[in-house]
Amino acid sequence: MAYQLVHLLEGATDAPVHALPEELILLAHPTFGLLAVLAALWVLVEALNANEAGAARLKAAAVAAATFMWLAYLFGGYWYITEYQSDIALILEGPWPFAETFFMKVKRHLFLSLLLLATYLPVLAFAHPVPTARGVRALVVSTAGLVIALGLAIEGVGAIISTAEKLSLAALLSLRAL
Amino acid sequence: MMRAMRSHQDNAVGRYVTAFGLSVAITSVVNGALLVLEETSEAAFVWMTAATGDHWITQGLIIVGLFVVLGIGLAFAGRGRKLAIGGGTLAAIVVFGTAAGALIIAGFYL
């Protein structure tokens, strides 16, 4: 999307702007990520209040966390491979190049650890749907806690990258206006 | 006797939970190490790019594959209570493994 806008600003009249489908893919990535974080929070709360009545909810929340995280990975990965590559130069030339040189590089590698943790949650939940034993509860709570902490951190990093792209476009528009 | 029972309950996390928990920790560290290899070795970068068309896709496949294979392998190796790790200890291993992987990744790019 950003690349196509730059292309138009440079005078091209034939650059197609397929905004809607691509932007929906981009929006799906953080949406599913946040849903995964919320599901992990649900797991954490169920684990802290473990009882037989909550066993089914804990399992459902763990499966939801894993499913949403995989969807975030697939949508984000698709966007990264097909659309983001053309945005890299724009960000590097803008006022926040560190968004690409540091934050995006850390994000795309750290996300794999987050994916593994989220995938591990259903293994825990189905083996221990009522985690009342201290050690088991510590394991469930810490795994869910890591998913929440890393997930929110990566959401924030995504916001930095998105802001960097907007700043780059704004700088480009300012230059064109002069 | 109560302390022994509580200790047993604490340790009863199960073979697959233990195996995949160890796999999460180990694979997180390998993820960081793989990143360093990919960024410092041109041969590794070229191979990873050629394997699937993009080095990041290859890394994802390697890491997810390793997680599954290591988890299943450790579960089979842990038959007969060989993998008797307590829940609290396993939690610490998962946390430190994830943190170590994150530090390797962030530290490399700083």
Side-chain angles (χ1 to χ4, degrees), chain A residues 47 66 69-70 73-74 76-82 84-85 98-147 149-150 153-154 157, chain B residues 6-21 23-32 34-36 38-39 52-54 56-57 59-60 62-64 66-68 71 75 85-95 97-102 104-110:
Chain A
M69 198 61 76
W70 271 94
Y73 174 58
L74 292 170
Y78 176 82
W79 175 269
Y80 178 78
I81 301 298
T82 61
Y84 180 76
Q85 301 303 308
F98 55 81
E100 163 57 28
T101 59
F102 178 75
F103 284 106
M104 184 46 140
K105 294 191 179 200
V106 170
K107 178 176 186 259
R108 71 169 188 254
H109 289 101
L110 194 57
F111 190 88
L112 293 174
S113 291
L114 178 57
L115 188 64
L116 299 181
L117 288 164
T119 307
Y120 184 48
L121 274 179
V123 176
L124 287 173
F126 279 83
H128 299 283
V130 189
T132 50
R134 190 174 54 186
V136 174
R137 180 181 293 182
L139 182 58
V140 177
V141 167
S142 59
T143 303
L146 279 172
V147 172
L150 276 178
I154 287 178
V157 167
Chain B
R6 194 173 63 190
S7 174
H8 173 73
Q9 277 187 315
D10 220 28
N11 287 340
V13 294
R15 184 158 51 103
Y16 286 97
V17 168
T18 303
F20 278 96
S23 181
V24 167
I26 294 168
T27 308
S28 292
V29 176
V30 169
N31 185 33
L34 189 60
L35 154 71
V36 174
E38 168 200 0
E39 293 280 357
T52 60
D54 188 279
W56 184 68
I57 295 176
Q59 178 158 2
I62 290 173
I63 293 305
V64 172
L66 179 65
F67 168 68
V68 174
I85 301 175
T89 303
L90 187 58
I93 291 171
V94 169
V95 170
T98 304
I104 292 171
I105 293 168
F108 180 80
Y109 286 119
L110 274 174

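Naming: A, B, ... by sequence-line order, numbering from 1 per chain.
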**Student:** If you look at every heavy atom in A:A127 and B:V17, which pair is closest and at what distance?
**Tutor:** CB-CG2, 3.3 Å
**Student:** Report yes or no: does A:H128 contribute a side-chain atom to a donor-acceptor pair with the main-chain N or O of B:V13 at less than 3.5 Å?
**Tutor:** yes
**Student:** How far apart are the closest heavy atoms of A:V106 and B:A106, and which atoms are they?
**Tutor:** CG2-CA, 4.0 Å
**Student:** In a check of side-chain contact (heavy atoms from CB on, under 4.5 Å) between B:T98 and each of A:L116, A:V147, A:L117, A:L110, which one passes?
**Tutor:** A:L117
**Student:** Do other residues, nucleotides or ligands put more than 12 heavy atoms under 6.0 Å from A:Y78 OH?
**Tutor:** no
**Student:** Which distance, rounded to the nearest 0.5 Å, do you find between the CG of B:N31 and the CG of A:L112?
**Tutor:** 5.0 Å
**Student:** So what's closer than 4.5 Å to chain B heavy atoms on A:L150: side chain, backbone, both or neither?
**Tutor:** side chain
**Student:** For A:K107, give me all partners under side-chain hydrogen bond (donor to acceptor under 3.5 Å, both in side chains), at least two apart in sequence or on another chain.
**Tutor:** A:H29
**Student:** Can you list everything that forms a ring-ring contact (aromatic ring centres under 6.0 Å, His included) with A:Y84? Sequence neighbours excluded, please.
**Tutor:** A:Y80
**Student:** Check the pair B:Y109 / A:T101 against side chain to side chain contact (heavy atoms under 4.5 Å, CB included), numbers first and verdict last.
**Tutor:** CA-CA 8 Å; B:Y109 286 119; A:T101 59; over 6 Å; no
**Student:** Heavy-atom distances under 4.5 Å only: say whether B:I57 touches chain A with side chain, backbone, both or neither.
**Tutor:** side chain
**Student:** So which of A:P131, A:S113, A:A138 has the biggest tally of heavy-atom pairs under 4.5 Å with chain B?
**Tutor:** A:S113
**Student:** Within this structure, what is the OG-CG distance for the pair A:S142 and B:L90, rounded to the nearest 0.5 Å?
**Tutor:** 8.0 Å
**Student:** Working to the nearest 0.5 angstrom, can you tell me the gap between B:I104 CD1 and A:H109 NE2?
**Tutor:** 12.5 Å
**Student:** Which heavy atom of B:W56 sits nearest a heavy atom of A:R108, and at what distance?
**Tutor:** NE1-O, 2.8 Å
**Student:** Find the one option among B:I93, B:L35, B:L34, B:D54 whose heavy-atom pairs under 4.5 Å with chain A are most numerous.
**Tutor:** B:L35
